[in-house]
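Right, one structure below, let's go through it.
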Amino acid sequence: LEPEVEKILLEIADELIDSVTHFSCKLARHRKSNTLTAGDVALFLERNYHIRIPGFPDRDGPGTAINTKRLSQGFYAHLQSRPTAINQHTQRVQLVKKAMLEESYRKEKEAKRKETEEEMQNASKERETAGADKVDVESQSNAE
């Protein structure tokens, strides 16, 4: 590596270590602990950088506190029934797309209906014109 690149990578690594250490300590204090554990670091890396540390349970999987027997006892029932913000956003996007699609179909159907009405009016005008021409031809032949 070039010296400049190496220097930049070392600065980034130092910043990452400072950030991980600082926030992991906050997590430990939140747990009311004076000891920083590997679980605190793993949680921070997983939540902020989507880095999963091997050997730690998946926090969204079957080994989490939310999915234990307490959930069935109602302790975390409010978490189970509440959709996440991402799911809510996805639902809203789907509703908007559905509304747009329905509006598009409605406009298309209206356009086809108008087109059909115009064709019917044109056809009836043509019949009237053809009928009037026929009457004129008959009246001319009767006059002769």
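This is a predicted model, so every value here is computed, not measured. The figures that follow rest on heavy atoms only: side chains count, while hydrogens, waters and symmetry mates do not. Quick note: residue numbers are just sequence positions, from 1.
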Phe44 and Cys25: side-chain contact (heavy atoms from CB on, under 4.5 Å), yes or no, with the steps?
-> CA-CA 10 Å; Phe44 173 75; Cys25 287; over 6 Å; no
Assess whether side-chain contact (heavy atoms from CB on, under 4.5 Å) is satisfied between Lys107 and Glu103, documenting all intermediate values.
-> CA-CA 6 Å; Lys107 285 182 179 179; Glu103 180 67 17; 3.2 Å; yes
Do Ile51 and Ile53 pass the side-chain contact (heavy atoms from CB on, under 4.5 Å) test, and can you show the C-alpha distance, the side-chain angles, and the key distance before you say yes or no?
-> CA-CA 6 Å; Ile51 298 172; Ile53 306 298; 4.2 Å; yes
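A 4.5 Å side-chain heavy-atom check between Leu10 and Ile8 finds every atom pair outside the cut-off. Annotation: side chain of Val5 is in contact with side chain of Glu2 (closest heavy-atom distance under 4.5 Å).
Taking OG1 from Thr21 and CG from Leu16, the interatomic distance works out to 8.5 Å, rounded to the nearest 0.5 Å. The structure places CG of Leu43 at 5.5 Å from CG of Leu27, a figure rounded to the nearest 0.5 Å. Atom OH of Tyr105 and atom CE of Met100 lie 12.5 Å apart (nearest 0.5 Å).
Looking at Val93, Leu95, Leu101 one by one, the single match for side-chain contact (heavy atoms from CB on, under 4.5 Å) with Lys97 turns out to be Val93.
Note on Leu36: it does not cluster hydrophobically with Val20, by side-chain heavy-atom contacts below 4.5 Å among ILVMFWY residues.
Residue pairs that meet the side chain to side chain donor-acceptor pair (under 3.5 Å) test with at least one member in residues 109-125, sequence neighbours left out, are Glu110-Arg113, Arg113-Glu117. Residue pairs satisfying the salt bridge (Lys or Arg N to Asp or Glu O under 4.0 Å) criterion with at least one member in residues 8-35, sequence neighbours excluded, are listed as follows: Arg31-Asp40.
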